[in-house]
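Structure first, then comments.
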Amino acid sequence: MGSLRNSKTLHDLFVQEKPLFPIIQHSPTSPMNEDLLSAISYCTFVFTFTDPLESPAQRDSKRIQLSRIISILKSSKKPLQHRILAPLISMIQANLFRPLPPPANNPSSSSSSSSSSSSVCELADDEDPVSIFSPVWSHLQIVYEILLRLVITIDYEALRVYMDQSFLLKLLSLFQSEDPRERESLKNVYHKIYTKFITDRSFMRKSMKDVLLNHVFEIERHPGIAELLEIWGTIINGFTVPLKEEHKLFLMRVLIPLHKTKGMQVYHRQLAYCVSQFVQKEPMLGAVVVRGILRYWPVTNTQKEILFIGELEDLVDNIDPDQYRKLALPFCTQITKCINSWNSQVAERALYVWNNEQFVKMATIGMVEVFPVIVEGMERNLKWHWSKNVRQLTESVKVMLEEMDPELYTKGLIDMQNKQAEAHQLDIRRKKRWEILELEAAKNKFLNPQRSICVSH
């Protein structure tokens, strides 16, 4: 609510106006119920914490009343009656379902040029988003505690009367809050609702999937993706095997494309966990995941490259070994490109992948196709890389590869030298052709000089 535009003070509003649900006309009730209804009515008013007319004392009074409500709920051993539950849910909605402030660093909210907007987006891709701690949290924290208490203790049939699909969608929209404390509380509440509302699980999954898809293809910035993926992680963990086609499509159409979004570093840990759950349940999906990650491999963002290398290494442990031969060449080719990266952190992280036994096993299975690529990458690093640590690690990997198959490594060296010689000969022939063309051009210019044309005005 905004500022009050009439002559009544906030105290007059609380004391004189009728509550949202009339409580005096009911039949006599226990003092505890009367006390609870009075506190609920008091807390229905929403403070913005930005209006200068709001009294700090009255804000603190509302916080005390909210604390009284949660205390009464925890101490009560009897289920809440309908005439208490209804105004209580209305009070929760009045406090939670409010317009969220615009993003603090949203480039579209300013009138800057397209170039400056582009630079802001690039910055957001490399840095963590700024957390905004809302002053309203002193009230919202207790409201979320009340809601969580209701979800845990009240029967599904009673809750479903008030928490319909519209309620669930409004709750889901609050994940756009920039306050991490609110998103954490919201995550706990939403997951508890998903656990309890069995008949609404399909609707809730679809709603969350729509938010993720919107983030991938429409809105680059959404603060709550990490929390939503945490909920998805627990949901995926409960999927039965064999997986339904709906769930496999979610992996391929939502989770894998999430790797390409800007700011992916913020929620990569949760995303990688969700993906790994799928591969653990059905190892045959490993090939789909690996090819998808390779498709969205970052070109200039070194931090994302390091995260992707780690995710691929973790996936190797769960991939079906029957897929090794198909994946060996694209997998090892990308790792070799990272080994040759001029960024020393990327190169070192890629070299450490050779400590993984499953990765070495995969490379061994596809050795004939893979070794020429690997040998060329190793020799290039030893000759050209600027980092001493990278060269030392490369030498260690080279020794290991030579021990695995000395003849194949030697053959790879010979093939590389032949390839370089052919490239050198091609370069010489190309230069000779250019020289001939330049001579012919010079002759034509000498024999047929261009005539100057005078244009009279």
Side-chain angles (χ1 to χ4, degrees), residues 279 283-284 286-299 302 305-306 308-427:
V279 179
M284 291 293 291
V288 177
V289 172
V290 169
R291 294 183 185 279
I293 293 176
L294 293 178
R295 186 188 312 126
Y296 297 120
W297 200 271
V299 178
T302 56
E305 279 195 274
I306 293 171
F308 277 34
I309 294 169
E311 185 174 359
L312 284 182
E313 184 179 359
D314 292 337
L315 286 171
V316 170
D317 297 329
N318 298 314
I319 292 175
D320 187 352
D322 293 338
Q323 303 286 321
Y324 280 175
R325 183 169 294 279
K326 296 179 181 179
L327 295 176
L329 184 58
F331 198 120
C332 293
T333 300
Q334 185 60 59
I335 293 298
T336 303
K337 288 180 181 178
C338 293
I339 288 173
N340 294 143
S341 171
W342 289 112
N343 184 283
S344 59
Q345 292 180 330
V346 174
E348 290 177 16
R349 182 65 186 87
L351 286 163
Y352 280 124
V353 174
W354 284 98
N355 290 330
N356 187 294
E357 294 181 3
Q358 294 300 317
F359 174 76
V360 174
K361 182 180 178 181
M362 181 176 66
T364 304
I365 291 176
M367 191 173 289
V368 176
E369 298 87 4
V370 166
F371 250 53
V373 177
I374 297 174
V375 170
E376 185 176 352
M378 293 295 152
E379 296 300 324
R380 184 181 299 166
N381 256 22
L382 291 172
K383 186 176 181 179
W384 298 109
H385 207 285
W386 65 271
S387 172
K388 182 179 178 181
N389 289 338
V390 171
R391 293 197 303 272
Q392 289 175 346
L393 288 171
T394 304
E395 184 64 40
S396 300
V397 175
K398 177 183 176 180
V399 171
M400 181 188 70
L401 293 172
E402 288 177 328
E403 292 176 353
M404 287 170 57
D405 196 323
E407 294 182 2
L408 197 57
Y409 197 94
T410 303
K411 183 178 180 300
L413 276 175
I414 295 173
D415 292 342
M416 183 190 71
Q417 291 169 358
N418 292 336
K419 186 178 178 181
Q420 290 176 347
E422 290 178 4
H424 182 64
Q425 292 299 323
L426 286 173
D427 188 51

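- Here the OG1-CZ distance, from T394 to R391, works out to 9.0 Å after rounding to the nearest 0.5 Å.
- A donor-acceptor pair under 3.5 Å is formed between the side chain of N340 and the backbone N or O of G377.
- Rounding to the nearest 0.5 Å gives a distance of 13.0 Å between CD1 of I365 and NZ of K326.
- For residues 404-426, the pairs satisfying salt bridge (Lys or Arg N to Asp or Glu O under 4.0 Å) are E376-K419, K411-D415, with sequence neighbours left out.
- Between C332 atom SG and M367 atom CE the span is 10.0 Å, to the nearest 0.5 Å.
- Listed by chain and number, the residues in a salt bridge (Lys or Arg N to Asp or Glu O under 4.0 Å) with E348 amount to none (sequence neighbours excluded).
- Listed here is the closest heavy atom pair of R349 and G310: NH2-CA, 3.4 Å.
- From Q334, atom CD reaches atom CD1 of I293 across 11.0 Å, with rounding to the nearest 0.5 Å.
- Residues E379 and Q417 have side chains not in contact (no heavy-atom distance under 4.5 Å, counting atoms from C-beta outward).
- The OG1 atom of T302 lies 6.5 Å from the CD atom of Q345; values are rounded to the nearest 0.5 Å.
- No side-chain heavy atom of V375 sits less than 4.5 Å from a side-chain heavy atom of L408.
- The side-chain heavy atoms of W297 and I309, taken from C-beta on, include a pair separated by under 4.5 Å.
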Expected list for residues 353-362: side-chain donor-acceptor pairs under 3.5 angstrom, two or more places apart:
residue : atom : partner : partner atom : Å
N356    : OD1  : Q358    : N            : 2.9
N356    : OD1  : F359    : N            : 3.0
Q358    : OE1  : Y324    : OH           : 2.8

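- You'll find the side chain of K398 reaches within 4.5 Å of the side chain of Y409, heavy atoms only.
- With hydrogens and angles ignored, the 3.5 Å screen pairs a side-chain donor or acceptor of N381 with a backbone N or O of I339.
- Under the 4.0 Å criterion applied to side-chain N and carboxylate O atoms, E305 and K337 are not assigned as salt-bridge partners.
- Across all their heavy atoms, A350 and C338 have their closest contact at CB-CB, 3.6 Å.
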